[in-house]
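Chain letters run A, B, ... following the sequence lines, proteins first and then strands; every chain starts at 1. These numbers were taken from a predicted model, which means no experiment stands behind them. No hydrogens, no waters, no symmetry mates; every other heavy atom, side chains included, goes into these values.
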There are 2 protein chains.
Amino acid sequence: MKTDKELIGASTSILVLGILAKDPSYGYEVVKRVNQEAENLFEWQEGTIYPVLHKLEKEGLLRTQWQEANTGRKRKYYYITEQGREALQSRSAQWQSFNSLVHRVVEMPHG
Amino acid sequence: MKTDKELIGASTSILVLGILAKDPSYGYEVVKRVNQEAENLFEWQEGTIYPVLHKLEKEGLLRTQWQEANTGRKRKYYYITEQGREALQSRSAQWQSFNSLVHRVVEMPHG
DNA sequence: CTTAAGACCTAGAAGTTCTAAGTATGTGGA
DNA sequence: TCCACATACTTAGAACTTCTAGGTCTTAAG
């Protein structure tokens, strides 16, 4: 019962933006949060998320700031931008549209 | 407002299997049916679908049979297999899981 | 000093679909 | 007859991703 990688890919940016829309965070923690939520569905590796974060930053949907934690360790915090919020909304809407389409096609009665 | 290609990719096999689960059909028509359903969401090109059909056949989820239409033209009809129905069900379930996850993450209240 | 966990990064492999073409047949009009 | 168009299928190569698999550095714990 292996998970469809395309679905993972399709949901990645929405999940990242969704998480960061609530609270700023840093890569390592984002991975953990998502994996917790995803539980048995899939498990992100770290290498999966960093390139995504970089890409979203380059697109202007996130901005970053290095911060020192209490522990003395440095973390790269990601903040969602206004543009990021708009993108999140538009992508959520698109997700919804696809979801409706799939339901319509898969469940539509014979004939 | 360009459509997320990953979402297209993630939904493709479900849509194809879903359509063929109702009635056998051939590539050219499947493209038309899906584009009709998808309306303004996206538009499949023929080149998009044929490789997908070939792949699903290779995986044993579809089987094919050449048939001559009334028009005298030959068509390659695709039939869903038992394995295909199982795959459809499992992929639909997975789609559902991702949908729930996205909703949970994106809509969950602050904190 | 050694190990483990926290935290970040990237090159290259692997896997897709899309683009953009091509082939071939039947229909209908001139 | 000849041309144009819709039907119908196919594939090579480009473009785009993520995943794999490794690496670096720091702090904490023993």
Side-chain angles (χ1 to χ4, degrees), chain A residues 2-16 19-20 24-36 38 41-59 61-62 64-78 91 98, chain B residues 2-16 19-20 24-36 38 41-59 61-79 91 98:
Chain A
K2 75 169 183 285
T3 304
D4 186 352
K5 289 185 181 176
E6 285 154 352
L7 264 171
I8 297 182
S11 58
T12 299
S13 71
I14 294 186
L15 293 176
V16 170
I19 282 180
L20 295 178
S25 184
Y26 53 99
Y28 193 81
E29 199 192 39
V30 170
V31 171
K32 293 210 174 306
R33 279 209 223 163
V34 168
N35 283 341
Q36 230 171 359
L41 201 51
F42 62 81
E43 186 175 355
W44 279 353
Q45 304 304 311
E46 291 178 41
T48 308
I49 186 68
Y50 287 113
V52 173
L53 287 171
H54 298 162
K55 191 186 158 212
L56 292 176
E57 185 186 3
K58 202 182 304 175
E59 289 174 358
L61 309 185
L62 301 176
T64 61
Q65 192 180 335
W66 283 96
Q67 273 174 248
E68 188 144 351
N70 313 332
T71 66
R73 206 178 269 113
K74 277 179 186 162
R75 297 167 177 165
K76 194 175 184 179
Y77 273 82
Y78 285 85
R91 288 178 199 200
F98 272 90
Chain B
K2 75 166 184 279
T3 304
D4 185 355
K5 289 186 180 175
E6 286 154 350
L7 263 170
I8 296 182
S11 57
T12 300
S13 71
I14 294 186
L15 293 176
V16 170
I19 282 180
L20 295 178
S25 184
Y26 53 100
Y28 193 80
E29 199 191 37
V30 170
V31 172
K32 294 211 175 305
R33 278 209 224 164
V34 168
N35 283 342
Q36 232 171 357
L41 201 51
F42 62 81
E43 187 173 355
W44 278 353
Q45 305 303 311
E46 291 177 42
T48 309
I49 186 68
Y50 287 112
V52 173
L53 286 170
H54 299 160
K55 190 185 158 212
L56 292 175
E57 184 187 3
K58 202 182 303 175
E59 290 174 358
L61 309 185
L62 301 176
R63 65 184 174 77
T64 62
Q65 192 180 333
W66 281 97
Q67 272 174 249
E68 187 143 353
N70 313 333
T71 66
R73 204 178 271 114
K74 278 177 186 165
R75 296 168 177 164
K76 195 175 185 179
Y77 273 81
Y78 286 85
Y79 297 78
R91 289 178 197 200
F98 272 90

Can you see which heavy atom on [X] is nearest to which on [Y], and at what distance?
X	Y	value
B/Glu6	A/Gly9	OE1-O, 3.3 Å
A/Tyr50	A/Tyr28	OH-N, 3.5 Å
A/Phe42	A/Asn35	O-OD1, 4.2 Å
B/Ser13	B/Arg91	OG-NH1, 2.9 Å

Of B/Tyr78 and A/Gly47, whose closest DNA chain D nucleotide lies nearer the 5' terminus?
-> B/Tyr78
With nearest nucleotides of DNA chain D determined for A/Thr12 and A/Asn70 from heavy-atom distances, which residue corresponds to the more 5′ nucleotide?
->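 Its nearest nucleotide lies further toward 5', so the answer is A/Thr12.
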[X] [atom1] to [N] [atom2]: how many Å, rounded?
X	N	atom1	atom2	value
B/Glu68	C/dA24	CD	C1'	14 Å
A/Lys32	C/dC8	NZ	P	11 Å
B/Leu53	D/dA8	CG	C1'	12 Å
A/Tyr77	C/dG6	OH	P	14 Å
A/Asn35	C/dA5	CG	P	16 Å
A/Lys74	D/dA28	NZ	P	14 Å
B/Lys76	D/dC9	NZ	C1'	8 Å
A/Tyr28	C/dA5	OH	C1'	6 Å

Would you state whether a donor and an acceptor, one from the side chain of B/Glu46 and one from the base of D/dC9, lie under 3.5 Å apart?
-> yes
Scan [X] against the nucleic acid and name what it touches under 4.0 Å (heavy atoms): base, sugar-phosphate only, or nothing.
X	value
B/Glu29	nothing
A/Gly27	sugar-phosphate
A/Arg75	sugar-phosphate

Considering only D/dT17, C/dT16, C/dC9, which nucleotide approaches the side chain of A/Glu6 most closely?
->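 Output: C/dT16.
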Of the listed nucleotides C/dG6, D/dA8, C/dC8, the one nearest the side chain of B/Tyr26 | D/dA8
Presence of A/Tyr50 side-chain N/O under 4.0 Å of C/dC9 phosphate oxygens OP1/OP2 =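 Negative; the distance criterion is not met.
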Please check the phosphate of C/dT10 (OP1 and OP2 only) for any side-chain N or O of A/His54 closer than 4.0 Å.
->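 Result: yes.
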Close side-chain approach of B/Tyr78 to B/Leu53, heavy-atom, < 4.5 Å |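 They are in contact (side-chain heavy atoms under 4.5 Å apart), so the answer is yes.
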